[in-house]
Amino acid sequence: MKKLQINCGRCDATELTEEKIAGYGAVQINCGSLLVTPSSLAVMARCGVRHNSGAVINVPEGARVVTKMGSFTLTAEDAAKGPTVLAVVGSLTVAPGAGAAAESYAGIIVNGKLICRRDDYTPRIEVTGTECLYPAGYEYVDDDLVIDKIFRLRFAGKSIYTPDTVTVGDPGELPALIEAGTRVLCGELAVTEDVLEDALKLAGAEKPEGLIVMPEGFVYLDRSQNLTKKLLRRGKKLWIGGNLTVERENMALLDELEGLRVAGRAVVPEELEARLEELDPDCGDIIPYRGKLSWGKEAVAVTRALLERHGFVTLYRCDSVTLDRALTPEEIEAGLSILRCDCVKCTPAQESAVRAVSEDVDDIAVRDPDAPKEEKPPITPDPDTVTVNTGMYKF
């Protein structure tokens, strides 16, 4: 008898019966998540159905399964009609006041992200991924926020929550917001020392999950930044929440900075290392580089023309670097530096030079372009196996 093999992301076996697989000698299920009921699980045991799954989700007997892909918002009008399990692949937002609707389901399975007010949360919700539970009475905002005039016009008198960062762009707006009863709860609050007291008044009893207190005059910039003229228009004293990269063509901009703090690494031309240290950036690490900087690229091809054009090239945090087979070891050592890249592909003759110019590289893949290509035997489908490849499968 033939074998049935199912390869899928999610397999719904809640309605599996012996009759549905009677024509197969064996059944193999390979899936990310497997939905079963007590009766279908018993059928699998009796019939020898094998499965290789990331998660087994138990569904009450008689409940139907409703699947939503992508982003889905559960409202108060979305109560279950009969025994139902809601499966969400993506993100689920439980709208404020929809707690009763969520409770009406036999179970809610989220593979991704859950956004829910604490008083609307129910233990019936199972999450594989991340949860964002925020206090009752707050409005959820999924974005970094800057307290300024626009902020006051949008949120004065409201209670808002964001899992992201809130900064104070205009301290003059704080008194009006406090008087209006505005409350702000956030994942991270970045403020200068002179406005800390007023900024914390907005938080009320609920304090920020993270607090960054900066000297007066500093401007907070979340995530990694590249030093540009546009960035300097934000301020001359910068507090960078990620890494700072200074490209060679923007070297002179470093002299315009009056203060600098870098939470991550500072990547700068080697001749600027001393100037950067004068700013006392208090960064995780200073990474000086030579020549032309190429950073954060998915794929880079290093050729003789590239090295001749720039004289020296530093590759930083690139996914894949491929060296032209024509490059000599001497050219590589004289003109190339490879820092924190994922994979570097080179020939056996280049390997020693590549290792000499590389630092914190995950993999150096050595390939011989002159070696005969290995012929892979053709894959012949097993005539005795019925294979199903799909995103979702239901018996």
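Just the heavy atoms: all of them, side chains too, but no hydrogens, waters or symmetry mates, feed the values below.
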Take Ser71 and Ser91 through the side-chain hydrogen bond (donor to acceptor under 3.5 Å, both in side chains) test and state the conclusion after the steps. CA-CA 5 Å; Ser71 299; Ser91 66; 3.1 Å; yes
As a quick check of understanding, evaluate side-chain hydrogen bond (donor to acceptor under 3.5 Å, both in side chains) for Arg10 and Ser33, giving each step before the final call. CA-CA 5 Å; Arg10 171 166 293 184; Ser33 57; 3.0 Å; yes
Run the numbers on Thr37 and Ser39 for side-chain hydrogen bond (donor to acceptor under 3.5 Å, both in side chains), then give the verdict. CA-CA 5 Å; Thr37 63; Ser39 60; 3.2 Å; yes
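Here OG1 of Thr228 is found 10.5 Å from CZ of Arg234. Values are rounded to the nearest 0.5 Å. Rounded to the nearest 0.5 Å, atoms NZ (Lys236) and CZ (Phe218) are 14.0 Å apart. Atom CG of Leu16 sits about 7.5 Å away from atom SG of Cys47, to the nearest 0.5 Å. A distance of 11.0 Å separates CG in Leu153 from CZ in Phe151, rounded to the nearest 0.5 Å. In this structure, SG on Cys8 lies 8.5 Å from CG on Leu34, to the nearest 0.5 angstrom. Here Lys20 contributes atom NZ and Phe395 contributes atom CZ; the two are 9.0 Å apart, rounded to the nearest 0.5 Å.
At most 12 non-hydrogen atoms from other residues, nucleotides or ligands lie less than 6.0 angstrom from NZ of Lys297. No more than 12 heavy-atom neighbours from other residues, nucleotides or ligands sit within 6.0 angstrom of CD on Glu216. Other residues, nucleotides and ligands contribute over 12 non-hydrogen atoms within 6.0 Å of the CD atom of Glu256. Remark: Glu278 CD is packed, more than 12 non-hydrogen atoms of other residues, nucleotides or ligands lying under 6.0 Å away. Few gaps surround NZ on Lys394; more than 12 heavy atoms of other groups in view lie less than 6.0 Å from it. Counting heavy atoms of neighbouring residues, nucleotides and ligands inside a 6.0 Å radius, atom CG of Leu133 exceeds 12 of them.
The residues Asp144 and Arg223 are annotated as salt-bridged, a charged nitrogen and a carboxylate oxygen being separated by less than 4.0 angstrom. Using a cut-off of 4.0 Å between Lys/Arg side-chain N and Asp/Glu carboxylate O, Arg152 and Glu173 are scored as salt-bridged. The pair Glu331-Arg304 counts as a salt bridge, with a side-chain nitrogen and a carboxylate oxygen less than 4.0 angstrom apart. For Asp384 and Lys3, the salt-bridge test fails: no basic side-chain N is under 4.0 Å from an acidic carboxylate O.
The closest donor-acceptor contact from the side chain of Asp78 to the backbone of Thr75 lies under 3.5 Å. A donor-acceptor pair is defined here as one N or O able to donate and one able to accept, closer than 3.5 Å; no such pair exists between the side chain of Gln225 and the backbone of Leu231. Asp120 places a side-chain N or O within 3.5 Å of a backbone atom of Gly97 that can act as its donor or acceptor partner. In this structure, Arg50 contributes its side chain and Asn30 its backbone to no donor-acceptor pair below 3.5 Å. Without hydrogens or angle criteria, Arg124 side chain to Glu103 main chain gives a donor-acceptor distance under 3.5 Å. Glu77 contributes no side-chain N or O that, together with a main-chain N or O of Ala98, makes up a donor-acceptor pair within less than 3.5 Å. Proximity of a side-chain donor or acceptor of Ser358 to a complementary backbone N or O of Val361 within less than 3.5 Å is not detected. Checking side-chain atoms of Ser40 against main-chain N and O of Ala13 turns up a donor-acceptor pair under 3.5 Å. With hydrogens and angles ignored, the 3.5 Å screen pairs a side-chain donor or acceptor of Thr182 with a backbone N or O of Leu177. A distance-only check finds a donor-acceptor pair linking the side chain of Asn250 to the backbone of Leu227 [under 3.5 Å].
No side-chain heavy atom of Tyr393 sits under 4.5 Å from any side-chain heavy atom of Asp12. Glu273 is listed as a side-chain neighbour of Ile286, based on a closest heavy-atom distance under 4.5 Å. You'll find the side chain of Val302 reaches within 4.5 Å of the side chain of Leu307, heavy atoms only. Put simply, the side chain of Thr322 reaches to within 4.5 Å of the side chain of Arg367, judged on heavy atoms. In this structure the side chain of Phe155 never reaches within 4.5 angstrom of the side chain of Arg183, judged on heavy atoms.
Side-chain heavy atoms closer than 4.5 Å link hydrophobic residues (I, L, V, M, F, W, Y) into clusters, and following such links, possibly through other members, connects Leu327 to Val366.
Aromatic ring centres of Tyr138 and Tyr134: separated by at least 6.0 Å.
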Indicate every side-chain donor-acceptor pair of residues 241-249 with a distance under 3.5 Å to a residue at least two apart or in another chain.
unit_1 : atom_1 : unit_2 : atom_2 : d
Asn243 : OD1    : Arg265 : N      : 2.7
Glu247 : OE2    : Asn226 : ND2    : 2.8
Arg248 : NE     : Gly291 : O      : 2.7
Arg248 : NH1    : Glu271 : OE2    : 2.5
Arg248 : NH2    : Gly291 : O      : 3.2

